[in-house]
Amino acid sequence: MHLLRRIAMSLAISVFLMAPAHAQDASLQDILQTHAEEIADPSRRTVGETLDALVATGHPDLPEFLTRWQSREAWQRDADGLFVYIEDEDADPLVLLDISTGETVGEAGSREVTQLRPNGGVRRVIGGALVQFQLGAEDPAARLDALEAIGNDPDESHLPLIEARLEVEEDPAIHARLDVLLPALLIAFAEDDADRVAAIQTLDGNVSLDARATLNRVLATRRFVGAELPADTNVAAILSPGTGPLPRDEAYAMLVSAELAPARISREDQRAVLAANVVEGRVGGVPVATLNTEAARDTAYAALVAEGLAEPIPTEADVDAALAAHVFFDAYSEPSSIVTEAARATLDNIETRVGAYRFFDLSLDGISLASIYFLAAIGLAITFGVMGVINMAHGEFIMIGAYTGYVVQTLIADYTLSIAVALPLAFLVTFALGVLMERSVIRWLYHRPLETLLATFGISIALQQIVRQIFGTQARPFTPPDWLAGSVTINDVISISSIRIAIFLLGVIFFIALWLILNRTRLGLEVRAVTQNPAMAASMGINPDRINMLTFGLGSGIAGIAGVAIGLFAQVVPDMGSNYIVQSFMTVVVGGVGNVFGTLVGASMIGGLQKSIEWFNPTNTLAAQTYMILFVILFIQFRPRGIIALRGRAAGD
């Protein structure tokens with residue numbers, strides 16, 4: 001009978017789910033009147049058949065009626081049995097509303113209508129019928145909500161619903177959820193272990209959180225202690241007190257809780273017992289005045305135990321004997337060992353795949369961070385690597401680029417257009433500032449690195465203060481467009497934000513552009529000539545002074561563009577540049593000064609190293625940066641010119 005009913009329900013649901021919702025020739029009132037007695041006086045035993053018949057009609061107004069019926073907001077007029085809703089239950093007379101149109105169909109006194117009041121069991125069955133409608137809704141969000149409701153409170157009656165929905169579902173996200181939910185229901189409610197094992201095996205390779213949660217529920221364990229292992233228990237592991245996951249004290253506490261061993265007594269409790277048994281200045285025959293040592297108190301307490309006035313205190317030997325006399329084990333809540341073995345094997349395979357995906361995700365994070373460091377450092381690679389100028393204000397050019405993007409966004413409401421305008425504008429602004437800085441300060445300090453460092457450090461502080469005076473100290477919003485605000489999710493393990501992908505692509509563009517400029521243009525030829533031998537370049541008609549100015553401006557302009565990109569995900573504040581200046585210098589030094597390839601390699605090494613260290617301690621990024629700096633210090637001891645050394649002035653030749 002149960003099987004026939006399930007088949008009938010499945011057929012009814014399949015017809016309903018595959019057919020689009022549309023208005024029926026018969027009104028909802030006519031349909032309900034054919035089952036008026038069952039609706040007015042439902043029972044848990046018969047209401048299922050009534051709901052199957054109603055669901056099979058697929059009437060568009062039925063979900064609202066079921067919702068109101070379940071929440072006891074539906075009524076029946078006694079005179080003619082008409083089902084109605086009531087506008088205001090406190091009104092007198094009551095205004096009756098049509099269940100389909102919501103229009104007024106009359107008035108009645110409170111004694112002329114009967115409220116439909118299904119009991120708790122009936123309401124649960126009605127809820128199951130409502131889920132059928134939600135699973136067939138046109139809105140994918142409504143279908144997902146229905147699946148979440150089933151997942152949170154599964155029932156055997158949901159099995160045919162999920163099976164029917166799986167046959168017709170076309171949305172990939174919903175289909176993926178169904179692929180996990182159906183095995184979960186089969187594992188929970190299938191009677192044959194073979195069916196449950198087959199359901200478990202369908203999850204093999206599924207790395208979603210839902211799949212892993214389903215298997216973890218099957219593998220849930222509880223900890224037990226007894227004189228021996230029960231014969232009918234699905235044992236997960238036998239535990240040894242004092243080793244692994246079961247500390248010695250915790251094991252003995254389990255014995256005490258199970259009333260298999262006497263409780264230990266703390267020193268405070270011992271003193272309380274002694275104080276309660278003071279008789280004529282003595283406790284157990286021991287003068288109170290002598291109870292100033294633990295040995296004396298132990299003697300007095302032992303005397304009380306002998307007199308039956310206190311509970312005995314187990315010795316360490318007693319504890320060891322009690323632990324040795326009992327078996328501690330974890331047992332699966334699932335009684336079938338066949339099912340748990342299949343779940344364990346499947347989960348182990350999934351965890352292996354998750355580990356590989358996590359390594360890939362970590363690699364993506366390292367590439368993403370390397371892209372950020374590359375963008376931040378490529379301008380410095382030109383000013384420091386090519387020109388030999390230690391520019392401590394490089395971070396402030398990044399900051400000015402970010403503020404340029406913020407100002408443009410306040411003027412242009414379209415976020416995409418504002419970024420398109422901000423990128424070249426930030427380059428022009430920071431290029432001009434870089435040229436101004438080179439002409440007014442840097443040109444007088446060539447070959448004087450200490451003075452250059454101090455001067456640019458002072459300029460960096462001045463630029464920060466100027467920005468604080470103009471924009472204040474609060475973080476300014478620089479919002480990415482919607483197409484950059486999300487993330488690309490491959491599965492529940494691998495996900496990377498869209499803006500990080502955009503920064504990676506921007507880094508690739510800059511790498512190619514700079515390589516072409518330095519290797520395929522006259523400017524690049526002159527820069528390389530001045531870098532390798534300024535005197536020889538001057539004798540060939542190249543103006544080193546002009547090349548230095550343009551090179552410094554180019555490096556500063558690139559820093560401005562990097563600031564726009566970084567500002568889209570970092571806080572735009574006056575001191576934001578200081579967060580990247582150290583990493584930028586390390587990137588250039590590790591990769592090899594004055595070399596675009598070296599900067600790329602250095603950024604990859606620094607970014608990958610930092611993310612690898614963070615993987616071991618993900619809550620402490622400061623520690624990762626500290627270890628990274630120590631690594632760089634050791635690295636330059638063995639390779640002071642970096643990975644890709646450059647000949648010429650930048651290399652110190």
Side-chain angles (χ1 to χ4, degrees), residues 207 354 356-381 395 398-399 401-402 404-406 409 415-416 418-420 422-423 426-427 475-514 558-573 576-577 579-584 586-587 591 596 599-615 617-622 624-625 628:
V207 298
V354 167
Y357 282 145
R358 283 175 177 163
F359 177 78
F360 182 66
D361 187 57
L362 179 67
S363 301
L364 288 179
D365 286 343
I367 294 173
S368 172
L369 188 61
S371 303
I372 296 171
Y373 286 164
F374 177 77
L375 275 181
I378 190 62
L380 191 64
I398 295 175
M399 176 265 293
T404 301
Y406 159 70
Q409 198 167 83
Y415 290 164
T416 301
S418 67
I419 292 176
L423 286 171
F427 177 84
R476 297 295 172 174
F478 187 25
T479 307
D482 291 340
W483 56 275
L484 282 180
S487 62
V488 176
T489 301
I490 299 176
N491 52 45
D492 284 4
V493 181
I494 302 175
S495 178
I496 185 169
S497 64
S498 300
I499 195 168
R500 295 294 184 98
I501 297 175
I503 289 176
F504 171 77
L505 295 176
L506 187 63
V508 172
I509 292 172
F510 266 97
F511 173 78
I512 296 173
L514 281 176
I558 293 174
I561 294 179
V564 174
I566 293 172
L568 289 171
F569 69 89
Q571 284 191 329
V572 180
V573 291
M576 64 177 293
N579 296 327
Y580 298 95
I581 186 66
V582 175
Q583 285 86 349
S584 297
M586 288 193 300
T587 298
V596 177
T599 304
L600 178 63
V601 174
S604 301
M605 178 176 288
I606 297 297
L609 177 64
Q610 180 170 334
K611 282 300 177 181
S612 298
I613 297 174
E614 287 180 6
W615 184 78
N617 190 6
T619 61
N620 193 344
T621 57
L622 181 60
Q625 295 180 5
M628 180 182 62

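In this text the structure is predicted, and so the values were computed from the model without any measurement.
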*Quick one: which residue pairs count as a side chain to side chain donor-acceptor pair (under 3.5 Å) with a foot in residues 496-513, not counting sequence neighbours?*
S368-R500

Which atom names give the shortest non-hydrogen contact between [X] and [Y], and what distance separates them?
| X | Y | result |
| --- | --- | --- |
| Q409 | S418 | NE2-OG, 3.7 Å |
| V573 | M399 | O-CG, 3.6 Å |
| R358 | V493 | CG-CG1, 3.5 Å |
| G567 | V572 | O-CG2, 3.8 Å |
| I503 | A565 | CD1-O, 3.8 Å |
| S604 | A370 | CA-CB, 3.6 Å |

Close side-chain approach of [X] and [Y], heavy atoms under 4.5 Å:
| X | Y | value |
| --- | --- | --- |
| Y415 | L484 | no |
| I490 | Y357 | no |
| M576 | I566 | yes |
| T587 | F374 | no |
| I419 | L568 | yes |

_Sequence-distant partners of F504, side-chain contact (heavy atoms from CB on, under 4.5 Å), two or more places apart_ =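 With neighbours one apart ignored, the set is I367, S371, V508.
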
So how far is it from [X] [atom1] to [Y] [atom2], rounded to the nearest 0.5 Å?
| X | Y | atom1 | atom2 | value |
| --- | --- | --- | --- | --- |
| I606 | Y373 | CD1 | OH | 8.0 Å |
| I581 | I398 | CD1 | CD1 | 7.0 Å |
| N491 | F360 | CG | CZ | 9.5 Å |
| I378 | F510 | CD1 | CZ | 9.0 Å |
| I494 | L364 | CD1 | CG | 6.5 Å |
| T416 | D482 | OG1 | CG | 8.0 Å |

*Run the numbers on F478 and V564 for side chain to side chain contact (heavy atoms under 4.5 Å, CB included), then give the verdict.*
CA-CA 9 Å; F478 187 25; V564 174; 3.9 Å; yes

